[in-house]
Each structure stands twice: as C-alpha cells, then as structure tokens.
Amino acid sequence: MIELGRIKLAGPLVLAPIAGFTDSPFRKICVSHGCGLTMTELISAEGIVRKNKKTMDLLKFTEEERPFAIQIFGRKPETVAAAAEVVEALSPDLIDINMGCPARKVVGSGNGASLLRDPQLVNRIAEAVVKKTKLPVSAKIRIGWDEASLNYLDVVKALEDAGVSMIIVHGRTRAQQYSGRADWNIIKEIREKSSVPVIGNGDIDSYESAYRMMEFSGCPAVMIGRGAIGNPWIFSGRTPESREIIETVKLHLDLMLDEYGNRGIHMMRKHIVRYIHGTKNAAKARSSIVKAVSREEIITILDELEESE
Ligand SMILES: Cc1cc2nc3c(=O)[nH]c(=O)nc-3n(C[C@H](O)[C@H](O)[C@H](O)COP(=O)(O)O)c2cc1C
C-alpha cells in the first residue's frame, strides 16, 4: 500500500481512464495484474445530477476494483459539486475531476481541457467539490491549452488552493490531442513545485518505461492508459505466454457477458484485437473476430489461434 496523503494506492502503477475501455470488467482484470488504482471514464456531472440511466450505469463498480476512483466532468461548480455528493454515496475511494479531455464535443461545451484556459474557474470547481465531499479529490489535467499557453503552474496553484489531495498530469496540451510526445520534463517540474502528490501520465508503453517515468520525474506513482489495453501484464512486468493471453481474453469475455449480456460480445471485439496483436496469425483471427456474434464463435477462433502458435 502506498499512502499519498489521504489517498491509498495498492501499487505505483495505476490505470488511466479510457472512455469505452476502462469499464468494470477491464478494471477487474487490471487489478488482478497488480494495478494500484482504477478509475471510471469521464462521467457527466449533469447526467449524474439528472440521474440519467446510462450515466448511472457508468458509476457501477465492485469491491474488487478498489482502490477505485470515479471521474466526473462539468463546468458549473454547483453542478459538479452536486454530482460529487451523489457519487460520495456510492463510496468510491477518490473523486477525480476531468480537466483534460480534448474531444471537440467536450471542450465545445466548455468542459474538460477547456477549463485549463480559466484557472479561476478551475479553482472554483475544485473548491466546490472539495467542500461538498469528505472523500479525497483529485484533478486530471493537461499541461495547457496549446504550446502558447503552458499555464500549468497557474492551474496547479488553483487546484492546490482549492484543497485537492492529488494532481494527475498528462504531459500534453489540448492542441496535441494524442500526437507528439508527452513532456516528461514538465511532469517533473510540476512534481517538484507542487505541494500535493503528483501522478505522471503519458506515453508509458511498458513496465520498464513506467519505472523510467517515476525515476525521471520523482512521481510516487504513474498512470498508464493505452499501454494497458490488451496488455494488463504492463502492471506486473511479466511477459505472458500465448496460452495465458488466450486464457485472459476468455476470462475478460465472460466478465463482459456477465456485465452486458450479449452486447458484451460486440464490446469485447476491440479488446480482443489488442490482446492478440503481435501473435502469429493475428491478422486472420482479427477478421473473424470482428464478425463473430456468439461466445462459442469467439472461443473457437481463440482456440484455433492458440493451436497455431
Ligand atoms: C480513447 C481514449 C479515451 C480516453 N478517455 C479518457 C477519459 O475518459 N478521461 C480522462 O481523463 N482521460 C481519458 N483519456 C486520456 C488517458 O487517460 C491518458 O491521459 C492518455 O491516453 C495518455 O496516457 P497514455 O499515453 O498512457 O495513453 C483517453 C484517451 C484515449 C486514447
């Protein structure tokens, strides 16, 4: 257990929120491989306050997923705080506020990374949430809106003043989206200057590079997103044999079916493609998997893939 002030992590490598991927089944898989904290994808504060059915489904989690965080987004301090109150009743371990999503739909309505342009508003939102809940609160930020406005120190100060317990930094600007490289120097600078614990994030693609970021930046923990999709072994540093990969896919598939019923088959395809990427015959299996409509079909394809290894 790693104690970062009020926040406890089961280990230093934590799972990033990835919309459409880091749901309850995948979070369980990651925890079983040693991930130190799991987090929902971004969930609309407005949707939570209105108790929208689809939104409320995103909030569901099980005890196995702890330490577990719920990430909310919004731009009105009172709405985000009201959402935090609803979330608190579910007893996650942490509430995270999204201040980094670059998607047009999200920033277009003044949410996500759009907030970075207004540190005062960042402060008001974070403060409203901190005041409303007894749970620890974190914020996940980018380093600025674009290259010309790297105002991360102002944003960090605004968050510290608001009383957040932790800051997660994805080392890119909004303008970069997911291209270019995450700036680990800035992550290091923020870690050095911040009075609260900082988790670094961006471009970790292996267990080794996770430890490289920790060593380079001095961050006590780091967050892994894309590198964990189809590769939960990134949290343990183990290299799985193909048999183990196939077994994990089957386990993940069954968790998806339990969670979503038949819809789980469709939702699992994108995961499977990532799990089997790099195995011999992956291309052929891939084209069958994206057409498969039943558990049996998928199992057969996986068994064939394993035999062909
Ligand atoms: C498809 C996709 C969806 C994402 N969804 C979220 C999200 O819901 N909330 C969030 O804070 N970040 C989200 N991110 C950003 C990741 O959490 C992470 O900050 C980013 O991918 C950089 O880390 P990585 O290089 O380890 O992937 C998303 C990224 C991708 C590629």
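Both counts, for ligands and for their atoms, begin at 1 and track the order of listing. Heavy atoms only: backbone and side chains are in, while hydrogens, waters and symmetry mates are out.
- At least one donor-acceptor pair closer than 3.5 Å links the side chain of W184 to the backbone N or O of G202.
- Closer than 4.0 angstrom to ligand 1 by heavy atom are A16, P17, I18, A19, E41, L42, Q71, N98, K140, H170, Y178, N201, G202, D203, I224, G225, R226, sorted by chain and number.
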Under 3.5 Å, which donor-acceptor pairs do the side chains of residues 283-293 form with other protein atoms, sequence neighbours left out?
{"unit_1": "S287", "atom_1": "OG", "unit_2": "K284", "atom_2": "O", "d": "2.9"}
{"unit_1": "S288", "atom_1": "OG", "unit_2": "K284", "atom_2": "O", "d": "3.3"}

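- If you chain together ILVMFWY residues whose side-chain heavy atoms come under 4.5 Å of each other, V106 ends up grouped with L42, F73.
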Enumerate, atom names and distances included, each donor-acceptor pair closer than 3.5 Å involving a side-chain atom of residues 75-88, sequence neighbours excluded.
{"unit_1": "R75", "atom_1": "NE", "unit_2": "S109", "atom_2": "O", "d": "2.7"}
{"unit_1": "E88", "atom_1": "OE2", "unit_2": "T133", "atom_2": "OG1", "d": "3.2"}
{"unit_1": "E88", "atom_1": "OE2", "unit_2": "K134", "atom_2": "N", "d": "2.9"}

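- Counting only N and O atoms by type, the side chains of D146 and S149 include a donor and acceptor under 3.5 Å apart.
- Counting only N and O atoms by type, the side chains of E65 and T62 include a donor and acceptor under 3.5 Å apart.
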